[in-house]
Protein chains: 2
Amino acid sequence: MASLSANDYLNKYFPQFELALKEKLAQHTSIKTFETGELMMQPGQYFRSTMLVVAGKVKLYRQGEDGGEFFMYYLEPGNACALSLICATKQETSEVMAKAVEKTTVLSIPIEIMDDLVRNYKTWYYFTLETYRNRFEELLQVIDSVAFKGLDERLMFYLKKQAEKLNTKQLPLTHQEIAADLNSSREVISRLLKKIEQRGDVILHRNYVEWLK
Amino acid sequence: MASLSANDYLNKYFPQFELALKEKLAQHTSIKTFETGELMMQPGQYFRSTMLVVAGKVKLYRQGEDGGEFFMYYLEPGNACALSLICATKQETSEVMAKAVEKTTVLSIPIEIMDDLVRNYKTWYYFTLETYRNRFEELLQVIDSVAFKGLDERLMFYLKKQAEKLNTKQLPLTHQEIAADLNSSREVISRLLKKIEQRGDVILHRNYVEWLK
DNA sequence: GCTTATTGGTGACTTTTGTCACATCGTTAA
DNA sequence: TTAACGATGTGACAAAAGTCACCAATAAGC
């Protein structure tokens with residue numbers, strides 16, 4: 001695949017941006033890529049730029065003091081990292097981990113032009129609001145599932161979200177990985193998956209789970 | 001107490017706003033009050049204005065399908081509701097409950113002038129960013145405590161936050177109320193509080209808990 | 001005063017979740 | 001081919017949290 005220019009990416013994944021904004025961004029952004037598994041962001045790190053995802057997939061998760069993980073949500077092409085929008089502007093540090101789960105490409109926007117963008121490009125301003133709102137709501141959903149539901153329901157919620165985001169019924173997840181994302185243990189997840197399989201909502205295979213709904 | 005004008009409130013609780021912004025707001029906002037216990041916002045409701053809290057205290061919490069509650073955070077004078085900033089702009093509905101826990105006064109800003117504010121008043125723009133960031137971080141802390149900690153630690157975290165926000169060591173909370181906020185049950189909370197008392201971190205009284213740290 | 005409602009305490013039990021120990025089955029690399 | 005490793009299954013047990021039943025102390029109303 002021939003590599004695309006910033007302008008190509010903007011046209012494809014950010015069509016709602018006004019023309020002048022796309023031109024401005026094309027002039028000032030640089031394209032960065034991350035390999036599968038590469039850490040893009042970690043607690044305590046400062047931002048010097050904000051990032052628009054244009055290829056791949058980024059996993060955002062919280063890290064517990066004991067080293068445990070807790071999955072929050074994915075970012076896909078067309079998304080921006082809400083935290084980098086905030087932190088870049090205010091020069092504060094991040095509180096979450098971001099990891100590329102596929103080879104990922106981002107447009108890197110230097111913080112110097114953020115002020116200009118928000119002030120002079122209406123579609124940028126709406127985009128940032130939209131971004132905040134979407135991430136906020138995803139966090140609220142995560143809170144819901146942890147606060148009000150048992151592990152079995154959380155697991156269903158998790159699998160459903162994976163099927164939607166990965167856009168396939170064959171979820172390439174081991175029980176161990178699922179357990180890590182839900183901050184639980186492998187055995188418990190295995191048992192719950194069995195129960196869900198007996199109910200007919202999934203079929204279990206080696207190295208993947210088939211989602212039937 | 002003689003009632004204050006919008007301008008008085010702005011000078012007192014939003015001193016960082018530039019002069020022109022304060023004048024603008026004073027012209028266009030109305031003052032609203034809510035009685036203790038009054039519901040200010042509930043899921044499914046549309047916003048026609050955004051609110052700046054200038055007196056009292058507002059409790060934000062999530063409501064589960066089963067009717068359970070789950071405390072998120074308080075808003076105090078000087079705070080704005082992040083959700084109302086977003087929702088008002090986008091004319092979408094709220095996902096959380098907000099309740100006045102004291103007699104509360106807010107400045108109500110009509111959505112019509114929001115665009116103008118963000119575009120023409122730098123201090124407003126920074127204020128909204130700050131608001132988003134703070135609420136986001138509070139949510140992350142809540143997620144941390146639910147995802148990684150047992151109920152005993154969550155209880156400590158909760159009491160600590162109450163002591164800070166209510167600015168007193170005598171926390172006016174019954175065990176039943178605490179249980180509701182943490183979406184647990186009264187007996188469990190009673191037992192954990194006893195344990196914490198034996199450790200010397202609190203003293204239990206009727207209708208209040210004395211925080212010793 | 002007396003009655004009643006609210007608040008808090010406690011034991012016994014169940015359910016959910018986590019942990020440990022091991023077994024099994026595929027896959028992969030030497 | 002065989003040893004090693006990773007993924008999964010499973011039983012036994014422990015710990016955490018929720019539930020039920022009931023009691024005692026305090027406060028509020030009549």
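As a basis for the values below, the full set of heavy atoms in this structure was taken, side chains included, without hydrogen atoms, waters or symmetry mates. Lettering of chains follows the sequences in order, A, B, ..., and the numbering in each one begins at 1.
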What is the distance, rounded to the nearest whole Å, between atom NE2 of A:His205 and atom P of D:dG9? 12 Å
Here the distance between atom P of D:dG18 and atom CG of B:Asn183, to the nearest Å, is 8 Å
Ion pair A:Lys57/A:Glu76, N-O distance below 4.0 Å: yes
Would you classify A:Ser185 as touching base, sugar-phosphate or nothing, given that sugar-phosphate means primed atoms plus P, OP1 and OP2, and contacts are heavy atoms under 4.0 Å? base
Parallel, tilted or perpendicular for A:His205 and A:Tyr208, by the 30°/60° rule? parallel
At less than 4.0 Å, is any side-chain N or O atom of B:His175 found next to OP1 or OP2 of C:dG9? Yes or no. yes
Distance in angstrom units between A:Ile189 CD1 and D:dT10 P, rounded: 16 Å
Write down the distance between CD (B:Glu187) and C1' (D:dC22), rounded to a whole number of angstrom. 11 Å
Write down the distance between CG (B:Leu151) and C1' (D:dA15), rounded to a whole number of angstrom. 14 Å
Look at the side-chain N and O atoms of B:Ser184 and state whether any lies under 4.0 Å from the OP1 or OP2 oxygen of D:dA17. no
Do side-chain atoms of A:Arg154 reach the backbone of A:Val146 as a donor and acceptor pair under 3.5 angstrom? no
Whether the side chain of A:Thr104 engages the backbone of A:Glu102 through a donor-acceptor N/O pair (distance < 3.5 Å, no angle test) should be reported. yes
Assess the residue pair A:Glu138 and A:Arg135 against the criterion (salt bridge (charged side-chain N to carboxylate O under 4.0 Å, His left out)); give the C-alpha distance rounded to whole Å, side-chain angles, the decisive distance to 0.1 Å, and a yes or no. CA-CA 5 Å; A:Glu138 295 213 65; A:Arg135 297 311 141 221; 2.4 Å; yes
State whether the distance check finds a donor on one side and an acceptor on the other, under 3.5 Å, for side chain A:Arg191 versus base C:dT19. yes
Over how many whole Å does the gap from A:Tyr208 atom OH to C:dG26 atom C1' extend? 14 Å
Here's a test of your reading of the structure: between B:Arg206 and B:Glu197, which maps to the more 5' nucleotide of DNA chain C? B:Arg206
Of the nucleotides C:dT17, D:dA17, D:dA7, which has the atom closest to the A:Thr174 side chain? D:dA7
Rounded to whole Å, the CD-C1' distance (A:Glu177 to D:dT8) equals 14 Å
Between B:Arg186 and B:Lys149, the residue closer to the 5' end of DNA chain D by nearest nucleotide is B:Lys149
Atom CG of B:Leu204 and atom C1' of C:dT10 are separated, to the nearest Å, by 14 Å
